[in-house]
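Step one of this worksheet: look at the structure below.
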Amino acid sequence: ETGVTQTPRHLVMGMTNKKSLKCEQHLGHNAMYWYKQSAKKPLELMFVYSLEERVENNSVPSRFSPECPNSSHLFLHLHTLQPEDSALYLCASSQGTGGGYEQYFGPGTRLTVT
Amino acid sequence: AQTVTQSQPEMSVQEAETVTLSCTYDTSESDYYLFWYKQPPSRQMILVIRQEAYKQQNATENRFSVNFQKAAKSFSLKISDSQLGDAAMYFCAYRSNGGTSYGKLTFGQGTILTVHP
């Protein structure tokens, strides 16, 4: 595998379920990100991890819980979600968090909350 | 807070022709980067081109070039000799190079580009 991978690619869950999204980067990067892409809305940054430490939490509800066990893996734990949380969740990574570093995106997980 | 606006929800172009996608942004910062990302249907988002705000020269990458007007806060993307593979959603994005932004990308709403054979 190369680049940034995400699993699962599609997920349907009920509002009372608990599930996790997984992201893995094979690029040797030090920073990882979660973005939310909703229909007809710009991509929104959710979380930023730099060297496995969370450095940004963009006012995300507590029903979304990120975890970064090492610099290659990033998880997003989901519980008691709402239908409006249905979206494409994108993971990205970059060498650093400076402005010039390119962010490499994964293919996303399409989440549907029923 | 920074904002990015793409005023063209959809654009279309004939194959081999040229198309320009518009983007404006608002910021009080002087040190930042601007990006155009491409998101093909059901495929990963990839970087098309990057512009550093302190560079006056417009960035170019093969058939892709930008018109960066810093004073006007405008950052348009020109695609020359359009190809069928250029069909995608295009996002303009802003990224601060200082402070505590921690690499945050601020995206516009996106422009869907259709290429007609």
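Convention: sequence-line order gives letters A, B, ...; per-chain numbering from 1.
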**OP:** Please indicate whether A:Gln82 has more than 12 foreign heavy atoms, meaning atoms of other residues, nucleotides or ligands, lying under 6.0 Å from its CD.
**Re:**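 Yes, the 6.0 Å shell around CD holds more than 12 heavy atoms from other groups.
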**OP:** Check whether more than 12 heavy atoms from other residues, nucleotides or ligands sit under 6.0 Å from atom CZ of A:Phe75, and answer yes or no.
**Re:**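 It does: A:Phe75 CZ has more than 12 such atoms within range.
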Under 30°, 30 to 60°, or over 60°: which ring-plane class applies to [X] and [Y], parallel, tilted or perpendicular?
{"X": "B:Phe107", "Y": "B:Phe91", "value": "perpendicular"}
{"X": "A:Phe64", "Y": "A:Tyr89", "value": "tilted"}
{"X": "B:Phe64", "Y": "B:Tyr90", "value": "tilted"}

If I measure from the heavy atoms of chain A, does [X] come under 4.5 Å with its side chain, its backbone, both, or neither?
{"X": "B:Glu52", "result": "neither"}
{"X": "B:Gln39", "result": "side chain"}
{"X": "B:Arg50", "result": "side chain"}
{"X": "B:Tyr33", "result": "side chain"}

Subject >> Interchain contact, A:Arg9 with chain B, by part (heavy-atom threshold 4.5 Å) >> reply: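 Contact with chain B is through the side chain of A:Arg9 alone.
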Original post:
Which bit of A:Tyr104 is near chain B, if near means a heavy-atom gap under 4.5 Å: side chain, backbone, both or neither?
Top reply: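 Neither part.
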